[in-house]
Number of protein chains: 2
Amino acid sequence: MPDITVSIVEDDPEIRESLALLINGTPGFTCESTYGSAEKAIKGLVEDLPDVVLMDIQLPGMTGIEAIKVLKEKEPDLDILVLTIQSDNKVVFEALCAGACGYLVKDTPPAQLLEAIQETHNGGAPMSTRIARLVVESFQITAQTDLTARETEVLTHLCKGKSYKMIADSLFISEETVRRHIKNIYRKLEVHSKSEAVAKAFKEKLVNL
Amino acid sequence: MPDITVSIVEDDPEIRESLALLINGTPGFTCESTYGSAEKAIKGLVEDLPDVVLMDIQLPGMTGIEAIKVLKEKEPDLDILVLTIQSDNKVVFEALCAGACGYLVKDTPPAQLLEAIQETHNGGAPMSTRIARLVVESFQITAQTDLTARETEVLTHLCKGKSYKMIADSLFISEETVRRHIKNIYRKLEVHSKSEAVAKAFKEKLVNL
DNA sequence: CTGAAAATCCCCCTTTCGGGTTATAGCTTT
DNA sequence: AAAGCTATAACCCGAAAGGGGGATTTTCAG
């Protein structure tokens, strides 16, 4: 089996070199190239594609997130593993949405980093402990609203794009009652239109579609 | 440090017993209780809470997914780790939405299973390789629509719940033009109302909010 | 340069929504 | 028993949305 080839995108020369040393010093891994900025990485990576890219987020100029977007646009199959100090909610989800296939924080011990690279190459998505929990929790319902069961039911239909009339027919009640429920939903969610209600329902996972 | 206490919910007695043996045979772990069905588990678990529950999905009667929902309703802080043969998309996401904090397929080797229990207890969210990738990919944009840049921009505003007039003001164009763009969006997305368009945009991740 | 696609604007008309107000039956909670 | 909430239903009215035309300008690739 050939070595797993790795590229590193990291602005701190010290970290960059020590990562390269670690990878090249381990049988089965080769560090093919290193880049000090997102721009250089984009230019260089299209030439010779590694199996896995280790990408820092905080870079001078273009951020790692932007770099991931650009790279995945050009090379959808490229595996990019984020390796960074930052681990706040927003950055994590932006990175994953941009196309990262894993997310490691920088205090990951060498052995685990190598294991993560291996796992990425095997079709996995390695994440640091805390990150994994963040990701999984994002699926769970967060917001607690005081919508009644009936109101939630009506909201669910709204989220399918139905009109008052269609909802009335589905629930076997009059359109006027649907109107009443929706008025209450708007008051409780503090919105003033169907699209706003639907947006809020999706963002706060108020419905189970 | 006290042992990590584990409960097993699994209908196959053979698997159940061998898991219990594995856990009890490992220093640092204690299998506190085992249940052959979701119903029994719900009744028994509220009495003595373990640190981690290993939950099968395919159970006689109530499914593991339903059991997770009920248990998390009563005990939001309980860590439930799914351990099952099934790994199709739908089941994985249903389990995570229900409140599972990790997802392992049943061919997980004993050492890794124990490691996963440990990781769960440390606030992690262990997942089998393939599952983790599934989860991460769910954040990435899937659908490719032929919306123009301007249309996507208008759709984004729709997804914030804005009216035609507000969108017109935001983009410094006339309300008529907004109407025209929205007509085209409806045609391309094959929808007929704002709420339907918003729902589709969220479900298919057509916008970056 | 030319033609297609995109973006802009305007008019018609009908339906749907959103807000206000009122009312009754059923159920829970105090 | 009274108070409070929920679900049901109705009415009015103005504003917003949606569907059908048509037209002009900008932009960009061939």
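Throughout, protein chains are lettered first and strands after them, A, B, ... in sequence-line order, and every chain is numbered starting at 1.
- Distance from the side chain of A/Lys188 is smallest to D/dT6 among C/dA6, D/dT6, C/dT21.
- Rounded to whole angstrom, the span from the CG atom of A/Leu171 across to the P atom of D/dT8 amounts to 8 Å.
- You'll find a donor-acceptor pair under 3.5 Å spanning the side chain of B/Arg180 and the base of D/dG22, going by distance alone.
- Taking atom CD of residue B/Glu175 and atom P of nucleotide C/dA7, one finds them 19 Å apart after rounding to whole Å.
- A sub-4.0 Å separation between OP1 or OP2 of C/dG18 and a side-chain N or O of A/Tyr186 is present.
- Counted by atom type alone, A/Ser195 and B/Ser195 present zero donor-acceptor pairs between their side chains at under 3.5 Å.
- One can place CD1 of A/Ile182 at 14 Å from P of D/dA9, the figure rounded to the nearest angstrom.
- Looking only at atom types and distance, the side chain of A/Thr84 has no donor-acceptor partner in the side chain of A/Lys106 under 3.5 Å away.
- For B/Met166 and C/dG18, the CE to C1' distance is 13 Å, given to the nearest whole Å.
- For the pair A/Ser174 and D/dA10, the criterion of a side-chain N or O lying under 4.0 Å from OP1 or OP2 is met.
- Between the side chains of B/Asp51 and B/Thr5, at least one donor N or O lies within less than 3.5 Å of an accepting N or O.
- Atoms NZ (A/Lys183) and P (D/dC11) sit 13 Å apart, rounded to a whole Å.
- Checking A/Thr145 against A/Lys188 by side-chain atom types alone, no donor-acceptor pair falls below 3.5 Å.
- Two residues, A/Ile173 and B/His192, neighbour DNA chain D, and the one matched to the more 5' nucleotide by heavy-atom proximity is A/Ile173.
- Ionic pairing of A/Arg16 and A/Asp12 is not present here: no N-O contact between side-chain nitrogen and carboxylate oxygen is shorter than 4.0 angstrom.
- Whole-Å rounding puts the A/Arg179 CZ to C/dA23 P distance at 19 Å.
- A straight line from NZ of B/Lys165 to P of C/dC9 spans 13 Å, rounded to a whole angstrom.
- In this structure, of D/dC11, C/dC9, D/dA17, it is D/dC11 that holds the atom nearest to the side chain of A/Glu176.
- In this structure, the nucleotide among C/dT8, D/dT8, D/dG18 sitting nearest to the side chain of B/Thr177 is C/dT8.
- Counting to the nearest Å, the P atom of C/dC9 and the OH atom of B/Tyr164 are 16 Å from each other.
- Between B/Thr148 and C/dA7 there is a side-chain N or O to OP1 or OP2 distance below 4.0 Å.
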